[in-house]
Amino acid sequence: MDIWNSDMDKNINMDNFSCLVIPEVYLSECNFLFEFSLSCAIEYPKIKFIWRLHPGVSFKDVFRKNNNLSNLPVNIILSNSSLEHDIRHSKWVLYRGSTAVFKALSYGLRPLYLTKKNEISIDPLFNFNKFKCIVEKPARLNSLIYNDVKNNFSDQEKFSTISKNHCKNQFSSFSLQSLEQLVN
């Protein structure tokens, strides 16, 4: 069901709002995230997706191994930009095991964890449930994005500080002095 069909919703400009898709280095994870977001892009053409890859994989590798990804709609962008650039042009991040989600979260993007039925989660944000949403079907992703847009991203503003603090608390500062103390 497309919930973007009211007259008011037709005037919503989604050009500046994208969903960043960040798989891990494994082709199986690239395929799972890209096939899911491709389904979403086809079913919900108002939503734009930015596909980016781990530096250890190329789009050529992904497309050579998966014919389902050969015909992409215009609302899927293949990124060769920096991660920061892609984050600045996104409001959501669709992920599974990629730790790049911490960088996206620290910029205030809403994390959308794509789960598989009956799996043990590989979510690096397993202990962060305040702002993260779990998706399994395209309709759920569409509904979450639609609600964020309709509510003028009020949750993202509200949780921005919490998200940044969570990311800071996940990593400790590194200094040569602390390394020397560990070694000695």
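In this chain, numbering begins with 1 at the start of the sequence shown.
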> Are the side chain of Y113 and the backbone of I122 linked by a donor-acceptor contact shorter than 3.5 Å?
Replying inline: yes
>> Using modelled atom types and a 3.5 Å cut-off, is there a donor and acceptor pairing between side-chain atoms of N151 and backbone atoms of N147?
In response: yes
> Distance from D86 atom CG to I50 atom CD1, nearest 0.5 Å?
Replying inline: 5.0 Å
> Is there a side-chain contact between V93 and L105 (heavy atoms, below 4.5 Å)?
Replying inline: no
> Is there a side chain to side chain contact (heavy atoms under 4.5 Å, CB included) between C133 and R140 once you walk through the steps?
Replying inline: CA-CA 9 Å; C133 296; R140 170 83 168 132; 4.3 Å; yes
>> I need the C19 SG to L141 CG distance, nearest 0.5 Å.
In response: 5.5 Å
> If you look at every heavy atom in L38 and N68, which pair is closest and at what distance?
Replying inline: CD2-O, 3.4 Å
> How many angstroms lie between CZ in F36 and CG in L114, if you round to the nearest 0.5 Å?
Replying inline: 5.0 Å
> Would you call L109 and K91 a side-chain contact if the rule is heavy atoms closer than 4.5 Å?
Replying inline: no
> Going by atom types only, do S79 and W51 share a side-chain donor-acceptor pair under 3.5 Å?
Replying inline: no
> So which pairs with a foot in residues 54-73 pass ring pair (Phe, Tyr, Trp, His ring centres under 6.0 Å), sequence neighbours left out?
Replying inline: F59-F63
>> Do Y107 and L83 make a side-chain contact, defined as non-hydrogen atoms from C-beta onward lying under 4.5 Å apart?
In response: no
> Which heavy atom in L20 sits nearest to a heavy atom in S90, and how many Å separate them?
Replying inline: CB-OG, 3.6 Å
> Rounded to the nearest 0.5 Å, how far does NZ of K103 lie from CD of E84?
Replying inline: 4.0 Å
> Are the side chains of L53 and F34 in touch, meaning some heavy atoms are under 4.5 Å apart?
Replying inline: yes
> Would you call E136-K116 a salt bridge at under 4.0 Å N-O?
Replying inline: no
> Under the side chain to side chain donor-acceptor pair (under 3.5 Å) rule, what pairs show up with a residue in residues 21-30, not counting sequence neighbours?
Replying inline: E29-R96
> Are any of the side-chain heavy atoms of L94 and I22 separated by less than 4.5 Å?
Replying inline: no
> If you measure from CG on D148 to NZ on K150, what distance do you get to the nearest 0.5 Å?
Replying inline: 13.0 Å
>> Strictly by salt bridge (Lys or Arg N to Asp or Glu O under 4.0 Å), give each pair with a member in residues 66-78 just once, sequence neighbours left out.
In response: none
> Which value, rounded to the nearest 0.5 Å, describes the distance between E35 atom CD and C40 atom SG?
Replying inline: 12.0 Å
> Within a reach of under 6.0 Å around NZ of K137, are more than 12 heavy atoms found that belong to other residues, nucleotides or ligands?
Replying inline: no
